[in-house]
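The structure under discussion appears below in the form of structure tokens.
The structure presented is a predicted model; accordingly, all values stated were derived computationally and were not measured.
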Amino acid sequence: MRWSEFPKWGKWAADWAAQYHAGLRDKPVRAQTKPGEVLAALPAAPPDQAQPIKDIIADFERIVVPGITHWQHPRFFAYFPSNAAPAAVLADNLVTAMAPQCMLWQTSPAATEMETRMMDWLRQSLGLPAEFQGVIQDSASSATLAAVLVMRERALNWDGNANGLPGQKTLRIYCSNEVHTSVDRAIWIAGIGQSNLIRIPTQGPLRAMDPAALEAQISADIQEGYLPVGVIACTGGTGTGACDDIAATCAIAQKYGLYSHVDAAWAGSAMICPEYRTLWAGIEAADSVVFNPHKWLGTQFDLSAHFVKSPEALTRTLAIQPEYLKTHGADGIINYSEWSVPLGRRFRALKLWFLIRAYGLDGLRQMIRNHVTWSQALAEKLRQTKDFEIVTEPVLSLFTFRVTPQGADADAATLELLTAINDDGRIYLTQTRTGGKLVIRFQAGQFDCTEDDITLAYDVITETAKTLKDA
Ligand SMILES: *Cc1c(COP(=O)(O)O)cnc(C)c1O
């Protein structure tokens with residue numbers, strides 16, 4: 001295929017995309033594929049001869065599309081959303097056409113300067129103070145890894161990269177059991193070791209780290225000769241939306257000179273609405289904050305917004321400058337690859353620019369408020385329904401529930417209900433475990449979700465439960 005043929009197939013792809021989205025409500029949300037089905041449909045060996053695009057496209061529709069779980073389906077209520085707003089998709093199409101590699105300012109000045117401006121737009125949108133500067137990371141996992149590496153280097157007087165950990169005191173990092181597994185992996189990769197990730201007990205309806213327990217643990221560890229280096233707090237934990245007390249946690253971190261990182265990967269998007277900011281009250285005291293516009297906001301994967309008070313701490317930890325990466329004669333510029341683990345960078349900021357302009361902050365706020373309102377209304381309806389129990393109260397648009405039919409094991413009945421719902425296909429839900437109970441998570445967040453979709457979710461959930469009970 002040559003660029004001369006691109007208009008023809010590009011137009012086909014644009015039409016296909018619009019039709020795909022228009023027809024999503026008629027498709028099962030979760031792929032109904034059996035393991036190995038797609039693999040078996042793909043030839044075992046690559047072709048030697050060029051094949052016509054039209055044949056490749058026909059196979060795409062036949063083999064690939066049925067094996068897709070439709071994250072852009074308006075009734076995707078599983079995990080967290082991974083929204084792709086059409087304006088952001090359009091921007092990414094333009095980026096893909098140019099395909100610049102934006103590791104340095106000079107490898108595409110527009111990408112770097114757009115990123116600086118967009119991250120500041122986002123900072124203002126979340127109500128973060130001007131001391132924070134942002135960088136786009138590929139994922140929240142990468143941002144958390146970068147923060148953990150900063151914790152390590154800062155505590156070791158910037159010597160860890162040079163000499164490793166031997167001969168040093170044992171480093172320790174603190175968090176609750178509600179944080180995402182990306183924290184565990186960051187600790188592994190940073191060489192700190194799982195046994196030095198210390199879990200602080202949680203308390204209260206938001207399952208927040210107990211500040212007194214946090215402080216007691218840090219001071220006991222110092223007494224015993226450990227080197228506490230950082231605290232990782234969450235706003236909107238992955239399982240049930242747990243929220244740490246950010247003000248209390250950061251105050252303790254500051255008192256002991258520890259670096260604080262707040263993971264708000266999902267809930268951060270909601271902070272464009274001032275009324276939800278109480279969930280992370282005190283955030284201005286954090287050293288590092290991450291949230292994923294690629295979750296709720298609509299800039300499709302991958303685009304994670306990482307804000308830090310001290311970019312110098314980040315670049316002191318991660319920057320490396322062999323001669324071939326030096327940008328002679330360009331003073332005062334930013335090379336964002338020095339702010340992250342990967343060197344190469346896509347031009348991600350363009351989709352933020354398109355998104356924020358095409359919908360306006362007001363449009364995005366309205367979407368999030370709708371999701372929260374509708375989801376909380378559904379929780380109330382389920383609470384009033386016989387045999388249903390709300391297990392964790394809504395945090396924004398996320399709550400968990402289970403069924404407790406008389407004489408049945410609640411865990412088994414809840415899992416059976418979940419399986420039946422997902423086999424039905426009109427909605428998609430996933431499970432977690434909290435307080436020893438197996439529960440179904442419900443979150444509303446898809447970009448095109450309407451109130452009717454939530455009403456249908458109630459019908460599917462309660463009708464399926466009734467069918468199973470009567471069977
Ligand atoms: C989704 C999620 C992550 C992981 O995000 P990635 O961008 O996929 O790495 C981390 N933390 C929380 C709280 C999340 O919800």
Side-chain angles (χ1 to χ4, degrees), residues 29-30 71 73-83 140 176-182 202 204-208 233-246 262-273 275-280 290-298 364-365 367-383 388-403 414 417-418 421-422 427-435 437-451 453-455 457-458 460-461:
V29 190
R30 193 200 59 192
W71 285 71
H73 195 300
R75 293 192 298 270
F76 182 100
F77 303 119
Y79 305 102
F80 281 135
S82 187
N83 283 336
S176 80
N177 264 326
E178 299 290 335
V179 298
H180 189 259
T181 50
S182 53
T202 55
L206 289 173
R207 298 165 295 287
C234 63
T235 298
T238 311
T240 60
C243 290
D244 286 317
D245 178 340
I246 302 300
V262 178
D263 178 1
W266 160 67
S269 292
M271 303 308 169
I272 64 171
C273 307
E275 68 271 29
Y276 302 136
R277 291 180 194 157
T278 50
L279 286 176
W280 72 3
V290 64
F291 96 98
N292 283 346
H294 69 223
K295 276 187 169 153
W296 207 346
L297 223 46
L364 297 170
R365 288 184 191 112
M367 170 186 76
I368 283 174
R369 287 177 178 137
N370 284 343
H371 292 155
V372 172
T373 306
W374 299 336
S375 179
Q376 297 191 355
L378 175 65
E380 286 319 306
K381 268 168 77 181
L382 285 175
R383 199 196 305 279
F388 280 85
E389 179 193 341
I390 302 301
V391 180
T392 57
E393 293 298 321
V395 174
L396 301 167
S397 64
L398 169 68
F399 67 90
T400 66
F401 67 94
R402 64 174 191 161
V403 280
T414 301
L417 173 62
L418 177 73
I421 287 170
N422 290 336
I427 67 174
Y428 182 25
L429 301 171
T430 44
Q431 80 287 344
T432 191
R433 204 169 263 286
T434 184
K437 297 173 180 171
L438 189 114
V439 295
I440 299 177
R441 294 169 80 258
F442 182 94
Q443 68 75 28
Q446 208 285 321
F447 208 79
D448 297 318
C449 176
T450 64
E451 200 168 4
D453 291 312
I454 310 269
T455 304
Y458 177 80
V460 172
I461 293 166

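- Judged by distance alone, the side chain of Gln446 and the main-chain N or O of Asp448 form a donor-acceptor pair under 3.5 Å.
- A distance-only check finds no donor-acceptor pair linking the side chain of Arg402 to the backbone of Val439 [under 3.5 Å].
- Here the CG atom belonging to Asn422 is positioned 8.0 Å from the OG1 atom belonging to Thr430, to the nearest 0.5 angstrom.
- Considering only heavy atoms from C-beta on, His371 comes within 4.5 Å of Cys449 through its side chain.
- One finds the OG atom of Ser397 at 3.5 Å from the CH2 atom of Trp296 (value rounded to the nearest 0.5 Å).
- Proximity of Arg369 to Cys273: side-chain heavy atoms (C-beta onward) are separated by under 4.5 Å at one or more points.
- In plain terms, the two heavy atoms of Ala233 and Asp244 that are nearest each other are CA-OD2, 3.3 Å.
- Nearest heavy-atom pair, Cys243 versus Val395, reported as atom, atom and distance to 0.1 Å: SG-CG1, 4.1 Å.
- The backbone N or O of Thr450 lies less than 3.5 Å from no partner atom in the side chain of Asn370, so there is not a single donor-acceptor pair.
- Listed by chain and residue number, Leu378, Phe388, Ile390, Phe399, Phe401, Tyr458, Ile461, Thr462 satisfy the side chain to side chain contact (heavy atoms under 4.5 Å, CB included) test with Leu382 (two or more places apart in sequence, or in another chain).
- Panel note: side chain Arg207, backbone Thr392; no donor-acceptor pair is recorded below 3.5 Å.
- Only one option out of Phe77, Phe76, Phe80 pairs with Phe442 in a ring pair (Phe, Tyr, Trp, His ring centres under 6.0 Å); it is Phe77.
- When all heavy atoms of Thr202 and Ser176 are compared, the closest pair comes out as CG2-CB, 3.5 Å.
- Of all heavy-atom pairs spanning Leu438 and Gln431, the tightest one is CD1-CG, 4.3 Å.
- Annotation for Ala270 and Leu396: closest pair CB-CD1, 3.7 Å, computed over non-hydrogen atoms.
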Would you mind writing out the side-chain donor-acceptor pairs for residues 262-269 within the sub-3.5 Å range, not counting sequence neighbours?
unit_1 : atom_1 : unit_2 : atom_2 : d
Asp263 : OD1    : Ala265 : N      : 3.0

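- Scored by the salt bridge (charged side-chain N to carboxylate O under 4.0 Å, His left out) test, Asp453 finds Arg25, Arg75 as partners (sequence neighbours excluded).
- Residue Glu393 holds its CD atom at 9.0 Å from OG1 of Thr400, rounded to the nearest 0.5 Å.
- Proximity of Leu297 to Phe291: side-chain heavy atoms (C-beta onward) are separated by under 4.5 Å at one or more points.
- Just one residue in the list Val403, Thr432, Leu417 forms a side chain to side chain contact (heavy atoms under 4.5 Å, CB included) with Ile440, and that residue is Leu417.
- Between Thr235 and Met271, some side-chain heavy-atom pair lies under the 4.5 Å cut-off.
- At distances below 3.5 Å, at least one donor-acceptor pair connects side-chain atoms of Arg365 with backbone N or O atoms of Ile272.
- Using the six-membered ring where Trp is involved, Tyr428 and Tyr79 have ring planes that are perpendicular, over 60° apart on the 30 and 60° scheme.
- Residues forming a side chain to side chain contact (heavy atoms under 4.5 Å, CB included) with Asn177 (at least two apart in sequence, or on another chain): Arg199.
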Check against side-chain contact (heavy atoms from CB on, under 4.5 Å), His73 and Arg30: CA-CA 9 Å; His73 195 300; Arg30 193 200 59 192; over 6 Å; no
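- Looking at Lys295 and Asn83, their side chains never come closer than 4.5 Å, going by heavy atoms from C-beta outward.
- Of all the heavy atoms in Gln443 and Pro81, the pair that sits closest is OE1-CD, 3.3 Å.
- The ring-ring contact (aromatic ring centres under 6.0 Å, His included) check on His294 picks up Phe301, with sequence neighbours excluded.
- Residues satisfying the ring-ring contact (aromatic ring centres under 6.0 Å, His included) criterion with Tyr276, sequence neighbours excluded, are absent altogether.
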